[in-house]
Amino acid sequence: MSLPTIDPGEGVYEDPLDLMDEIDALKKEKDATLLAHFYIDGDIQDVADFTGDSLKLARDAVKVETSTIVFSGVHFMAESTKILSPEKIVLLPDLHAGCSLADSCQYGDLLQFQEKLRGEGRDFETVAYINTSAKVKSLCDWIVTSGNAREIIDRVPADKEILFVPDQHLGRYLQEVTGRQMILWPGSCMVHEIFSVQDLLRAKKNNPGSIVLAHPECPHSILEVSDFIGGTEKLRQYVMSIKEPGTFLIATEANMIHPLEKSAPQHTYLPVPGIMASSGETCACNRCPHMALNTLQKVRDCLKYGKPEIEWQPYFDKARDVLERSLLQ
């Protein structure tokens, strides 16, 4: 369990164990199920009913039988949950929990670019990483997560070009592993963009025999020196497959270490440092500030008061078609 902290949004310290007990009681009282992404603080993961990556949680959400789902993650995840389970009340602990990748690809910009490509006679299908808004998803032919991206790319007809949005690093990685050339949107994740290759190599040298695990959202320079590349669930499965205790250097959001430690406690996990763009200094900044907006207090409060709620939007119907086809079929 992480050390007690003062929630900057509330300013008042509350004991984490008391909050966890309160959340458990409220889940029963409010007929609610709590989902938590692997990038959320460990305390919230420990009190959640389901944890996982975006693909697993999307599939878990449609099996939930309670009337309310609390999604401890970021906005596009809760939005996708509402789209796939329209009859449920879907709550997000903080509506400001956004995503730098989703922000990098806006509906109007994508629509304009698609129209430009069609005007040039290009015959393509648009494949979007799940880290996009529902409005952007409504313009797309396929939605992928890091867990199913390769499989979905194989489903795109060979005679079609692929416009891949918004993550250029994941797109470049998929080009390499599938052999399909793509038109890449110039977006990237603020967390995976900042890893320091120099510090990674230094950590590897200081920990002989260590294994570097990297998420495919990382830049090519990081993937080049990594031993295993995969989405969060594949990273978890990989460390579980190695029984002999070892040391792993983790190049993804630092909270991922929590489920790794729970799943394979025999290993040692070290986060790869990042670099602050403003000063060039090395920092422990491989934390998603949007995910960090989720706190035990906010989870408790959204259960208690039934808000903030994700409301149904007109464009959710089009987004639902592509989400169901991509993630559930």
Practice prompt. Evaluate the side chain to side chain donor-acceptor pair (under 3.5 Å) criterion for residues Tyr173 and Glu217: first the C-alpha distance (whole Å), next the side-chain angles of each, then the deciding distance (0.1 Å), finally the verdict.
Written response: CA-CA 8 Å; Tyr173 171 74; Glu217 286 181 35; over 6 Å; no

In the single-linkage hydrophobic clustering (I, L, V, M, F, W, Y; side-chain heavy atoms under 4.5 Å), do [X] and [Y] co-cluster?
X: Ile183; Y: Val156; answer: no
X: Phe316; Y: Ile143; answer: yes
X: Leu323; Y: Trp312; answer: yes
X: Phe50; Y: Leu296; answer: yes
X: Leu57; Y: Val322; answer: yes

Item to complete: Flag yes if more than 12 heavy atoms outside Gln237 fall under 6.0 Å of its CD atom; otherwise flag no.
Response: yes

Side chains of [X] and [Y]: does their closest heavy-atom pair fall under 4.5 Å?
X: Leu260; Y: Arg236; answer: yes
X: Leu26; Y: Glu29; answer: yes
X: Leu303; Y: Val70; answer: yes
X: Val197; Y: Glu224; answer: no

Practice prompt. Please test Asp53 against Arg59 for salt bridge (charged side-chain N to carboxylate O under 4.0 Å, His left out), starting from the C-alpha separation and ending with a verdict.
Written response: CA-CA 10 Å; Asp53 61 4; Arg59 291 172 173 171; over 6 Å; no

Discussion item. Could you go through Lys298 and Asp301, starting from their C-alpha distance and side-chain angles, then the distance that decides it, and tell me whether this counts as salt bridge (charged side-chain N to carboxylate O under 4.0 Å, His left out)?
Written reply: CA-CA 5 Å; Lys298 289 177 183 175; Asp301 288 347; over 6 Å; no

Fill in: Cation-pi, Tyr107 ring and Lys135 (6.0 angstrom, 45 degrees)
yes

Worksheet entry | Distance under 6.0 Å and angle within 45° of ring axis: Arg325 vs Trp142 | yes

Would you call [X] and [Y] a salt bridge, using N to O less than 4.0 angstrom?
X: Arg118; Y: Glu115; result: no
X: Glu161; Y: Arg122; result: yes
X: Lys116; Y: Glu120; result: yes

Measuring from atom [atom1] of [X] to atom [atom2] of [Y], what distance do you get when rounded to the nearest 0.5 angstrom?
X: Tyr269; Y: Thr247; atom1: OH; atom2: OG1; value: 10.0 Å
X: Asn148; Y: Ile152; atom1: CG; atom2: CD1; value: 4.5 Å
X: Glu253; Y: Ile257; atom1: CD; atom2: CD1; value: 9.5 Å

Worksheet item: Given Asp60 and Lys56, is the salt bridge (charged side-chain N to carboxylate O under 4.0 Å, His left out) satisfied, shown in steps?
Response: CA-CA 6 Å; Asp60 288 337; Lys56 178 181 179 295; 2.7 Å; yes

Practice prompt. Take Thr66 and Thr33, measure what side chain to side chain donor-acceptor pair (under 3.5 Å) needs, and give me the verdict at the end.
Written response: CA-CA 6 Å; Thr66 58; Thr33 300; 2.7 Å; yes

Response to the item:
So the side-chain hydrogen bond (donor to acceptor under 3.5 Å, both in side chains) pairs with at least one residue in residues 69-93 (sequence neighbours excluded) are Ser72-Asn294

For a quick test of reading the model, state the closest non-hydrogen atom pair linking [X] to [Y] and the distance between them.
X: Met182; Y: Ile153; result: CE-CD1, 3.8 Å
X: Ile40; Y: Gln45; result: O-NE2, 2.7 Å
X: Ala97; Y: His290; result: CB-O, 3.5 Å

Worksheet item: Which class fits the ring pair Trp185 and Phe113: parallel under 30°, tilted 30 to 60°, perpendicular over 60°?
Response: perpendicular

Practice prompt. Sequence neighbours left out, what passes side chain to side chain contact (heavy atoms under 4.5 Å, CB included) with Asp21? Give chain and number order.
Written response: none

Response to the item:
Applying side chain to side chain contact (heavy atoms under 4.5 Å, CB included) to Ile89 and not counting sequence neighbours gives Thr68, Leu91, Glu309

Discussion item. Is there a salt bridge (charged side-chain N to carboxylate O under 4.0 Å, His left out) between Lys318 and Asp321? Walk through the geometry before answering.
Written reply: CA-CA 5 Å; Lys318 281 190 75 175; Asp321 290 340; over 6 Å; no

Discussion item. Between Tyr39 and Thr252, is the side chain to side chain donor-acceptor pair (under 3.5 Å) condition met? List the steps.
Written reply: CA-CA 9 Å; Tyr39 290 168; Thr252 188; 2.6 Å; yes

